[in-house]
Amino acid sequence: MDQEMNMESRVDDMIKDQYLTFAIENEDYGVEIANVKEIVGMDAITKVPEMPDFIEGIFNLRGELIGVLDVRKRFGIPSKEHDEETCIIVIIGDRIQEGLGKLGLIVDAVRETVIIPDDKKLPPPNARLRNINQFIRNIGHVGDDIKLLMDLEKFLAQD
C-alpha cells in the first residue's frame, strides 16, 4: 500500500505543472494534465432532457457512458458547428470532485502539452472579464503566449 502511494506521488511530481492546452474562439486555455484521461474525436452524442444547456448529453466511449459538456456554452460563448479540429477531452472528474466519474469537454481544438511552473503563473486580474473569470485559476506565460488555466472545480460546479 505504501509502495502504491509512493508511486502515485512520484507520478504526480512528474506531471506537476503540465497542462493540456486547447482553443476556444481565439484564446488558449489549459487544464492540468493529471486530470486528463484521453482526447477523442467527436462522436455521436445522445441528448438528455432537462439538463442545463451547456451539457450536450452523453456518448459511448468503448462501452462506458460519459457525460459531455460544451466548454463554449459553459463560458457563455455562442456554439459553432463542429469541424475536424473539434474534439472531446475526457477528464477524470473524480480527481476534481468525488463521484463525478469521467466527463467529456467539447473544445474547438487541442493545442499542445506545456509546462508552466509556478513562477510563470499569475492570478487572473480583477478586471471585468465577465463570467469566464470565475473559471480561471491562473494566467500562465509560455514564451510570448498566454494560457488561461482553468479551475475545473468551479467549471464543473452547478450554480
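In what follows, residues are counted from 1 in the order of the sequence shown. Given the structure is predicted, the values throughout are model-derived calculations rather than measurements.
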Problem set entry | Residues that F22 engages under ring pair (Phe, Tyr, Trp, His ring centres under 6.0 Å), provided they are two or more places apart | Y29

For this session: Name all residues meeting the side chain to side chain donor-acceptor pair (under 3.5 Å) criterion together with E25; count only those two or more places apart in sequence or in a different chain, and write none if there are none.
Result: R72

Problem set entry | Contact check, side chains of I139 and I146, non-hydrogen atoms, under 4.5 Å | yes

For this session: Just jot down the salt bridge (Lys or Arg N to Asp or Glu O under 4.0 Å) partners of K80, sequence neighbours excluded, or say none.
Result: D83

Seminar exercise, completed: With sequence neighbours left out, the residues meeting salt bridge (Lys or Arg N to Asp or Glu O under 4.0 Å) with D151 are R137

For this session: Following the transitive rule for hydrophobic clusters with a side-chain heavy-atom cut-off under 4.5 Å over Ile, Leu, Val, Met, Phe, Trp and Tyr, establish whether V110 and L103 coincide in one cluster.
Result: yes

Exercise. Looking only at heavy atoms, which two atoms of G104 and I66 are closest? And how far apart?
Worked result: N-CG2, 3.5 Å

For this session: Please answer: with hydrophobic residues joined when any side-chain heavy atoms are less than 4.5 Å apart, are V142 and I24 in the same cluster?
Result: no

Problem set entry | With L122 via side-chain contact (heavy atoms from CB on, under 4.5 Å) - residues at least two apart | H141

For this session: For E64, enumerate each residue passing the salt bridge (Lys or Arg N to Asp or Glu O under 4.0 Å) test, keeping only those at least two apart in sequence or located in another chain.
Result: K102

Exercise. In Å, rounded to the nearest 0.5 Å, how long is the span from CZ of F135 to CG of L156?
Worked result: 9.0 Å

Problem set entry | Beyond-backbone contact of D28 with L148, side-chain heavy atoms, under 4.5 angstrom | no

For this session: Output the distance between atom CD1 (I91) and atom CD1 (I39), rounded to the nearest 0.5 Å.
Result: 12.5 Å

Problem set entry | Residues that P123 engages under side-chain contact (heavy atoms from CB on, under 4.5 Å), provided they are two or more places apart | none

Seminar exercise, completed: G41 and C87 have their tightest heavy-atom pair at CA-CB, 4.4 Å

For this session: Working to the nearest 0.5 Å, report the span between NZ of K37 and CG of N35.
Result: 13.0 Å

Problem set entry | Atom pair CG (L69) and CZ (R74), whose distance is rounded to the nearest 0.5 Å | 8.0 Å

Exercise. Side-chain contact, heavy-atom cut-off 4.5 Å: K147 with K120?
Worked result: no

Problem set entry | Non-neighbouring partners of N138 that pass side-chain contact (heavy atoms from CB on, under 4.5 Å), sequence neighbours left out | K121, L149

Exercise. How would you list, by chain and number, every residue that makes a side-chain contact (heavy atoms from CB on, under 4.5 Å) with V40, sequence neighbours excluded?
Worked result: E38, F59, L61, I88, V90

Exercise. Stepwise, does the side chain to side chain contact (heavy atoms under 4.5 Å, CB included) test hold for T21 with T113?
Worked result: CA-CA 6 Å; T21 62; T113 300; over 6 Å; no

If you look only at distance, which donor and acceptor atoms sit under 3.5 Å apart when one is on a side chain in residues 49-58 and the other is two or more places apart or in another chain?
unit_1, atom_1, unit_2, atom_2, d
E56, OE1, K47, NZ, 3.1
E56, OE2, K73, NZ, 2.6

For this session: Quick one: pull up CZ in R111 and CG in L20 and give me the separation to the nearest 0.5 Å.
Result: 11.5 Å

Exercise. How many angstroms lie between atom CD1 of I106 and atom CD1 of I45, to the nearest 0.5 angstrom?
Worked result: 4.0 Å

For this session: Take N60 and L65, measure what side chain to side chain contact (heavy atoms under 4.5 Å, CB included) needs, and give me the verdict at the end.
Result: CA-CA 5 Å; N60 184 338; L65 295 179; 4.3 Å; yes

